[in-house]
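For ligands, and for the atoms within them, numbers begin at 1 and follow the listed sequence. Please read all numbers here as calculations on a predicted model, not as lab measurements.
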Amino acid sequence: MKPLASRVKAIQPSPTVRLGTLTKDLQAKGEPVENLSIGEPNFPTPAHIVEAAKRALDEVPMTKYVSSLGIRELREAIAEKSRRENGIPAQPDNVLVAPTKHCLFLALMALVEPGDEVLMPDPGWVSYDPMSRLVGGRPVPVPAADEAGFVMTPEAVAEAITPRTKAILVNSPSNPAGAVFPADVFRGIADLCRDHDLYLISDEIYEKILYDGHHVSPAALDGMFERTVTVHGFSKTYAMTGWRLGWLLADKPLLKEIVKVQEQTITCVPGFVQRAGVAALTGPVAPVETMVAEFRARREVALQEIGKIPGLEVARPGGAFYVFPRYRGSTPSLDLSERLLKEGRVAVTAGSAFGAAGEGHLRISYAASRDSVRNGIRAIGEVLSKR
Ligand code: PMP
Ligand code: GLU
């Protein structure tokens, strides 16, 4: 048979999604595994959000095709939130509703020509590299490791820029290290975008899971709205991973191109799911505050337990729900994570999944319960003590 497309041969399955599914399957079979692998809040979706979707299921238009951009009510709520909280000059016509992952893909589809270079932090989230390849681009890792506090500095970005550079991907608070990029870093990166005529894709999905520092939306900086795609979503903030709901913001000429890709692929996000999004953005904030307070407490549990393990060194994350400790020795992180699963019954993600600079690290998600975080990290300590 003829070979399959080289674009799919060139990428690997998502390590986070794979491991998360494998661990859930093991748990379903009654195997006692602590799941600190996937970034998925263990809370149920808040009741008022679920109720809004249930009510919408009884309204005929909400179970039919809806606007490709998203229902008006949700786009208004998103634009209003973006102006009020983020200082982004967004109107409903600047909003497109899609799963967050798909938003990133749509943005890359609209921006990247074959051979264009896309700069991204290393370590950085697992899907940035393969998504850039799928659209024909060339991912260019920019060092953002331990020495840099896991922040992609403007100096490092400047060094990576070439005449083929088209876009820069930023993510703060970050996955996998929970780094919060300071405002001057964003200002420096914005200057580079303007000076070199580059686009910026800002993945802000962890905006609300923030413990230290302030969130900066680069689209709010001078002259940046027209060259920034802001990507955001409901999964992490509202414990809505399974709803597949997120959004992007872009200036109208760019959005006009992006929406074509949405129309030619998924058409739209289900209306009743979008109604849940309206309830999330306009309803009570207490459930989010409670969840973030719990993540904050789990961060302390994780740091305390890691602190007891000789050979692990960890930076204090300012946001998201991950810690990214470095371990001593030269064992590949993939081998070590497999050993932890087999011998310690604890699932964590190998640091190498996040790029070459992630090697020598483990990503531990504390989106799981306090007990799981405590027991899982203790199990890591036991396995490491036997090395
Ligand atoms: N960006 C980052 C940094 C993430 O960690 C994730 C993981 N969920 C996503 C985007 C995608 O989010 P979603 O699952 O809501 O599509
Ligand atoms: N983003 C989460 C993670 O890093 C969920 C899985 C994924 O989409 O990568 O674990």
Side-chain angles (χ1 to χ4, degrees), residues 11-24 35-42 45 49 78 96-108 118 120-132 134 144 150-152 169-181 201-210 215 229-248 262 265-266 269 273-274 276-277 280 295 317-324 333 337 347-355 358 361-368 376:
I11 65 164
Q12 297 297 319
S14 164
T16 44
V17 172
R18 271 234 162 156
L19 191 61
T21 310
L22 173 74
T23 311
K24 283 184 188 175
N35 189 358
L36 310 184
S37 65
I38 195 156
E40 177 164 59
N42 70 324
T45 304
I49 299 175
I78 291 167
L96 177 134
V97 176
T100 308
K101 243 177 186 169
H102 196 58
C103 288
L104 286 161
F105 188 66
L106 294 174
L108 289 164
V118 183
M120 57 191 64
D122 180 15
W125 180 49
V126 297
S127 290
Y128 297 144
D129 172 304
M131 277 189 196
S132 307
L134 280 175
F150 296 102
V151 168
M152 189 167 74
L169 254 159
V170 286
N171 171 221
S172 174
S174 82
N175 184 357
V180 179
F181 288 29
I201 301 174
S202 176
D203 178 351
E204 304 184 18
I205 194 162
Y206 294 105
E207 172 190 2
K208 297 285 181 189
I209 324 281
L210 181 69
H215 181 75
V229 181
T230 305
V231 176
H232 213 312
F234 294 83
S235 290
K236 317 289 175 176
T237 315
Y238 301 98
M240 290 178 71
T241 43
W243 297 73
R244 312 310 302 131
L245 186 63
W247 71 86
L248 64 74
Q262 169 102 319
T265 54
I266 68 168
V269 168
V273 169
Q274 298 194 45
F295 289 137
F321 31 57
Y322 309 107
V323 276
F324 199 57
S333 53
S337 60
V348 299
T349 310
S352 58
F354 302 90
H361 297 77
L362 298 171
R363 191 196 71 172
I364 299 172
S365 162
Y366 54 90

(message) As an exercise, identify every atom of ligand 2 less than 4.0 angstrom from a heavy atom of Gly39.
(response) 2 (C), 3 (C), 10 (O)
(request) Indicate, as side chain, backbone, both or neither, the part of Arg244 found under 4.0 angstrom from ligand 1 when only non-hydrogen atoms are considered. (result) side chain
(message) Test your reading of the structure: does Tyr322 have an N or O sitting under 3.5 Å from an N or O of ligand 1?
(response) no
(message) Looking at ligand 1, is there an atom of it that comes within less than 4.0 Å of some heavy atom belonging to Thr241?
(response) no
(message) Test your reading of the structure: does Ser235 have an N or O sitting under 3.5 Å from an N or O of ligand 1?
(response) yes
(request) Would you mind running through ligand 2 and noting each atom that sits below 4.0 Å from a heavy atom of Tyr322? (result) 2 (C), 3 (C), 4 (O), 10 (O)
(message) Taking 4.0 Å as the limit for heavy-atom contacts, which would you say applies to Arg363 with ligand 2: side chain only, backbone only, both, or neither?
(response) side chain
(message) Heavy atoms only, cut-off 4.0 Å: how does Trp243 contact ligand 1, side chain, backbone, both, or neither?
(response) neither
(request) Number the atoms of ligand 2 from 1 as they appear, then name those within less than 4.0 Å of a heavy atom of Lys101, with their elements. (result) 7 (C), 8 (O)
(request) Identify the two heavy atoms, one from Pro15 and one from Val126, that lie closest to each other, and give their separation to 0.1 Å. (result) CG-CG1, 3.8 Å
(message) Please determine whether any non-hydrogen atom of Lys236 lies less than 4.0 Å from an atom of ligand 2.
(response) yes
(message) How close do Lys101 and Met131 get, counting heavy atoms only, and between which atoms?
(response) O-CE, 3.4 Å
(message) If the cut-off is 4.0 Å to any non-hydrogen atom of Ile38, which atoms of ligand 2 fall inside it?
(response) 5 (C), 6 (C), 10 (O)
(request) Go through Phe234 and Trp243 one step at a time and tell me if the side chain to side chain contact (heavy atoms under 4.5 Å, CB included) criterion holds. (result) CA-CA 8 Å; Phe234 294 83; Trp243 297 73; over 6 Å; no
(message) Please determine whether any non-hydrogen atom of Tyr206 lies less than 4.0 Å from an atom of ligand 1.
(response) yes
(message) Please list, in number order, the atoms of ligand 1 under 4.0 Å from a heavy atom of Tyr128.
(response) 3 (C)
(request) Starting at OH of Tyr322, measure out to CZ of Arg363 and round the result to the nearest 0.5 Å. (result) 4.5 Å
(message) Quick one, Val229 and Val231 - any side-chain contact, counting heavy atoms below 4.5 Å?
(response) yes
(message) Does any N or O of ligand 1 fall below 3.5 Å from an N or O anywhere on Asn171, backbone included?
(response) no
(request) Do me a favour and list the nearest non-hydrogen protein atom to atom 7 (C) of ligand 2 with residue, atom name and distance? (result) Thr16 OG1, 3.3 Å
(request) Ignoring hydrogens, just give me the one of Trp125, Phe105, Phe321 whose non-hydrogen atom is nearest atom 4 (C) of ligand 1. (result) Trp125
(message) Once you restrict to heavy atoms under 4.0 Å, what part of Asn175 touches ligand 2? Side chain, backbone, both or neither.
(response) side chain
(message) Please confirm whether His102 approaches ligand 1 to less than 4.0 Å, judged on its heavy atoms.
(response) no
(request) Work out which heavy atom in Ile205 is nearest to a heavy atom in Ser235; give both atom names and the distance. (result) CD1-CB, 4.5 Å
(message) Going by side-chain contact (heavy atoms from CB on, under 4.5 Å), Ile201 matches just one of Leu169, Leu248, Val170, Asn171. Which one?
(response) Leu169
(request) May I ask whether Glu40 has any heavy atom positioned less than 4.0 angstrom from an atom of ligand 2? (result) no
(message) Rounded to the nearest 0.5 Å, what separates atom CE in Met120 from atom CG in Asp203?
(response) 11.5 Å
(message) I need the nearest protein heavy-atom contact for atom 1 (N) of ligand 2: residue, atom name and distance, please.
(response) Trp125 NE1, 3.3 Å
(message) Side chain, backbone, both or neither: which applies to Thr100 and ligand 1 if a contact is any heavy-atom pair less than 4.0 Å apart?
(response) both
(message) On a heavy-atom basis, which atom in Ala320 and which in Pro173 lie closest, and how many Å separate them?
(response) N-CB, 3.8 Å
(request) Give a yes-or-no answer on whether the side chains of Thr16 and Thr349 include a donor-acceptor pair shorter than 3.5 Å. (result) no
(request) Starting at CG of Leu19, measure out to CG of Asn35 and round the result to the nearest 0.5 Å. (result) 7.0 Å
(message) Suppose we measure from atom 12 (O) of ligand 1 to each protein heavy atom; which comes out shortest, and what is that distance?
(response) Ile205 CD1, 3.3 Å
(message) Could you identify the single nearest non-hydrogen protein atom to atom 2 (C) of ligand 1 and state the distance to 0.1 Å?
(response) Asp203 OD2, 3.3 Å
(request) Please tell me if the side chains of Leu106 and Gln262 come closer than 4.5 Å, counting only heavy atoms from C-beta onward. (result) yes
(request) Determine the interplanar angle of the Trp247 and His232 rings, folded into 0 to 90°, and report it as parallel if under 30°, tilted if 30 to 60°, perpendicular if over 60°. (result) parallel
(message) Could you identify the single nearest non-hydrogen protein atom to atom 8 (N) of ligand 1 and state the distance to 0.1 Å?
(response) Lys236 NZ, 2.7 Å
(request) Locate the shortest heavy-atom distance separating Thr21 from Val17; write the atom from each residue and the value. (result) OG1-O, 2.7 Å
